[in-house]
Amino acid sequence: MNRAFSRKRDKSWMHTPETLSKHFIAYNAKFLGHTEVEQPKGTEIVRDAVRKLKFSRHIKKSEGQKTPKVELQISIYGVKILDSKTKEVMHNCQLHRISFCADDKTDKRIFTFICKDSESNKHLCYVFDSEKCAEEITLTIGQAFDLAYRKFLESGGKDVETRKQLAGLQKRIQELETENTELKCKVQDLENRLLITDASYSPTDSSTPQSPSTDLFDMIPFSSISPESPTRNGTPPPLTPIRSSETKKDLFGAEPFDPFCCAAGDFPPDIQSRLDEMQVHDAF
């Protein structure tokens, strides 16, 4: 415990132990920001950090940016920094990671503490501006340290180890929740892609059988191979003319000429004799 907490070590603390153990003490302040420091403690280290953040805040103020107001919740488990309006947790500094805390002797409104970041393991100095409660906030953090140390002695160190394990589990839960959210986004993206693919699929591409088209007179086009006719050795069967079972006659009662079924005996005798003479003549 640093000397900032030793000023009232022999005096009574301002808060009841139950309040800091079971609840928290809240303060309002302006948050100047935080910056990385090389050492976990030291008055000069804190002064350099305060000087740096004050200069940075003056520049932002000249640009029209206001200093954000925050709420500090102090307990034996740590210091939470919340947005004063939305109550959103901006930083959660666990008490066993805070290595130094002090108020500025030259500026009574400024107080700081140094905390080791749980992810980067860097030492960060947090600087606040409180017009009336800078020293009281520092002492409250000191009382929280005192109570936490007593509880540590009473539990034989088990309580601290339990809190460390709990903090590790909470961090792991947060990582798993983040991973779960990313996986949900990937699944949703895949579902959207499948929907787009199904929408772009044309139903005309399906291999459903279609009836053959017909021409202007509702006649099925001539095909040399019938789909039902089997082939032998890949050779199509011979063309077989399709004849109607009922022969039709023309306007004068004569049967129409059919070149496919004309044989030698189908012609009259005189015409057949003339055809025979012509074949003999051609032979010579």
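As the structure is a prediction and not an experimental result, all values here were calculated from the model.
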For [X] and [Y], which heavy atoms make the closest approach, and how far apart are they?
X: Phe111; Y: Ile137; value: CE1-CG2, 3.5 Å
X: Leu95; Y: Ala144; value: CD2-O, 3.5 Å
X: Ile98; Y: Phe145; value: O-CZ, 3.2 Å
X: Cys133; Y: Ser130; value: N-OG, 3.2 Å

Could you walk me through whether Gln143 and Met14 pass side chain to side chain contact (heavy atoms under 4.5 Å, CB included), step by step? CA-CA 8 Å; Gln143 184 180 359; Met14 60 182 65; 4.2 Å; yes
Does a side-chain N-to-carboxylate-O contact under 4.0 Å join Lys87 and Glu71? yes
Salt bridge flag under 4.0 Å for residues Glu44 and Arg47: yes
For residues 20-38, run the donor-acceptor check on the side chains, cut-off 3.5 Å, and write out each pair with its distance to 0.1 Å, sequence neighbours left out.
{"unit_1": "Ser21", "atom_1": "OG", "unit_2": "Pro17", "atom_2": "O", "d": "2.8"}
{"unit_1": "Tyr27", "atom_1": "OH", "unit_2": "His15", "atom_2": "NE2", "d": "3.1"}
{"unit_1": "Tyr27", "atom_1": "OH", "unit_2": "Glu136", "atom_2": "OE2", "d": "3.0"}
{"unit_1": "Tyr27", "atom_1": "OH", "unit_2": "Thr140", "atom_2": "OG1", "d": "2.8"}
{"unit_1": "Thr35", "atom_1": "OG1", "unit_2": "Lys52", "atom_2": "NZ", "d": "3.2"}

For Lys69, is there any backbone N or O sitting under 3.5 Å from a side-chain donor or acceptor partner on Ser84? yes
Would a hydrophobic clustering, with Ile, Leu, Val, Met, Phe, Trp and Tyr connected at side-chain separations under 4.5 Å, put Met90 with Ile74? yes
Is Leu82 reachable from Tyr77 through a run of I, L, V, M, F, W or Y residues, each pair having side-chain heavy atoms under 4.5 Å apart? no
Is any side-chain heavy atom of [Y] closer than 4.5 Å to one of [X]?
X: Val70; Y: Asp83; result: no
X: Ile110; Y: Asp103; result: no
X: Phe113; Y: Cys93; result: yes

So, taking the atom named [atom1] in [X] and the one named [atom2] in [Y], what distance separates them when rounded to the nearest 0.5 Å?
X: His58; Y: Glu63; atom1: NE2; atom2: CD; value: 13.5 Å
X: Arg97; Y: Asn92; atom1: CZ; atom2: CG; value: 10.5 Å
X: Thr138; Y: Phe128; atom1: OG1; atom2: CZ; value: 10.5 Å
X: Gln39; Y: Ile45; atom1: CD; atom2: CD1; value: 5.5 Å
X: Lys54; Y: Ser56; atom1: NZ; atom2: OG; value: 13.5 Å
X: Lys41; Y: Cys101; atom1: NZ; atom2: SG; value: 14.0 Å

Evaluate Thr67 against Asp129 for side chain to side chain contact (heavy atoms under 4.5 Å, CB included), listing each step before the verdict. CA-CA 9 Å; Thr67 304; Asp129 183 345; 6.0 Å; no
Kindly indicate, with the supporting measurements, whether the criterion salt bridge (Lys or Arg N to Asp or Glu O under 4.0 Å) is fulfilled by Lys108 and Asp104. CA-CA 6 Å; Lys108 297 298 183 179; Asp104 195 346; over 6 Å; no
Please report, to 0.1 Å, the donor-acceptor pairs under 3.5 Å made by any side chain of residues 118-126, with sequence neighbours excluded.
{"unit_1": "Ser120", "atom_1": "OG", "unit_2": "Asp117", "atom_2": "OD2", "d": "2.9"}
{"unit_1": "Ser120", "atom_1": "OG", "unit_2": "Lys122", "atom_2": "N", "d": "3.4"}

All N/O donor-acceptor pairs, side-chain side in residues 175-188, below 3.5 Å, sequence neighbours left out:
{"unit_1": "Glu175", "atom_1": "OE1", "unit_2": "Arg172", "atom_2": "NH1", "d": "3.3"}
{"unit_1": "Thr178", "atom_1": "OG1", "unit_2": "Gln174", "atom_2": "O", "d": "2.9"}
{"unit_1": "Thr181", "atom_1": "OG1", "unit_2": "Glu177", "atom_2": "O", "d": "2.9"}
{"unit_1": "Gln188", "atom_1": "NE2", "unit_2": "Asn192", "atom_2": "OD1", "d": "3.3"}

Heavy-atom count around Arg57 CZ within 6.0 Å, excluding the residue itself: above 12? yes
For Val50 and Thr112, what are the C-alpha separation, side-chain angles and deciding distance, and is it a side chain to side chain contact (heavy atoms under 4.5 Å, CB included)? CA-CA 8 Å; Val50 171; Thr112 67; 3.5 Å; yes
